[in-house]
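Below is one structure, written out as structure tokens, with a few remarks after it.
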Amino acid sequence: MIRKLLSISILSLIILLTACNSSKQVGTGKATTEYAHSDERLKTVIEQNATDWNVISVPVKLELKSPANISASARAYVCRDSSIYFSVRFLGMEIAMIDITNDSIIAVDKYHKYYAAERLTDVLANVSFDINSVQSLLFAHPFTHTEHISDIKQASLFKTFDKESDEWTAAPVKQNPLADYTFTYFKMDNNPKNTVISTAIGTITANYEDVKSSSIGISPAVTDIVINSQKLKAELSIRWSWKDIRTDNPSDKKHITILKGYQRINAAALLKAFVH
């Protein structure tokens, strides 16, 4: 059971990235009217997220809703523009770690002494989707495939549109060559609703719930990742406990070290076995 739980946690995060590995298609529905002052709303969003932090740690709950229903408690350690590290716990003991950087994705099952490792360039088939993009997707921050968005002047990198409903959208002027990004916000408070990444084989949608302010900016209590592709349909929910966030503690900069005696397993083979 523990190994299955670990495998699902690992594969859910890898799936999140691999769904981008295809040539792009026409974006999702077009917004109707360009906003009269196209960058003013986005400037507000960017300004709210322009907080000063280098590393954070926050308790999370990882819940795979589809194709199975399994959850695990964990703690996320995030180094800005550098890495995302999940420490998965069971009965108070660390049983698994997942480390995502610009170079690789590594996952370790401490209970059975297994690990999986993939080069990020192989996982993404050379798509320009780096660790900053992953962090921004999870935290509901706008991003492009080339720029870290931290200054209101960068609002010019996006086109914004005022929809007929109570929402508005933003999209990079220069899209990722292999994917289209669309960010949707509510007009009432400019809080994020979702991020949609469209590729030729399907979409990744990150839906955001209960958005509040935290030390890293506007932060969702829940990031719900929905993958709808030709090869796979899956849903992974990440629940963030922002009230217990810890900021800029040097000991929260964590990376995986593979110890002697651990056996490498093939993540792709595990995914195939799990899905089928």
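Within 6.0 Å of the CZ atom in R246, the count of heavy atoms belonging to other residues, nucleotides or ligands exceeds 12. Taking a 6.0 Å sphere around NZ of K65, one finds it holds more than 12 heavy atoms contributed by other residues, nucleotides or ligands. Counting heavy atoms of neighbouring residues, nucleotides and ligands inside a 6.0 Å radius, atom NZ of K113 does not exceed 12 of them. Few gaps surround CD on E94; more than 12 heavy atoms of other groups in view lie less than 6.0 Å from it.
Side chains of P142 and V45 form a contact here, defined as non-hydrogen atoms less than 4.5 Å apart. At a threshold of 4.5 Å between non-hydrogen side-chain atoms, the residues F158 and I149 count as touching. Considering only heavy atoms from C-beta on, N176 stays 4.5 Å or farther from I197 through its side chain. Side chains of T101 and I131 form no contact here, defined as non-hydrogen atoms less than 4.5 Å apart. Between K110 and M93 the shortest side-chain heavy-atom distance does not fall below 4.5 Å. Counting only heavy atoms from C-beta outward, the side chains of R239 and E63 approach each other to under 4.5 Å. Here the side chains of T182 and S198 are not in contact, with every heavy-atom distance at 4.5 Å or above.
The closest side-chain donor-acceptor pair between D130 and N102, if any, does not fall under 3.5 angstrom. With no hydrogens or angles considered, a side-chain donor-acceptor pair links N191 and D189 at under 3.5 Å. Between the side chains of S83 and Y77, no donor-acceptor pair of N or O atoms lies under 3.5 Å. A side-chain donor-acceptor contact under 3.5 Å links W240 and T223.
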Working for salt bridge (Lys or Arg N to Asp or Glu O under 4.0 Å), residues R41 and D162: CA-CA 10 Å; R41 289 186 182 277; D162 184 17; 5.5 Å; no

Residue pair Y208, T195: steps toward the side chain to side chain donor-acceptor pair (under 3.5 Å) verdict: CA-CA 9 Å; Y208 309 113; T195 298; 2.9 Å; yes

Residues T184, V196; criterion side chain to side chain contact (heavy atoms under 4.5 Å, CB included); working and verdict: CA-CA 8 Å; T184 301; V196 177; 5.8 Å; no

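At distances below 3.5 Å, at least one donor-acceptor pair connects side-chain atoms of Q135 with backbone N or O atoms of D81. For the pair T144 (side chain) and T146 (backbone), a donor-acceptor distance under 3.5 Å is present.
The only member of H148, H141, R80 that meets side-chain hydrogen bond (donor to acceptor under 3.5 Å, both in side chains) when paired with N132 is H148.
Aromatic ring orientation, F183 versus F143: perpendicular (interplanar angle above 60°, classes split at 30° and 60°).
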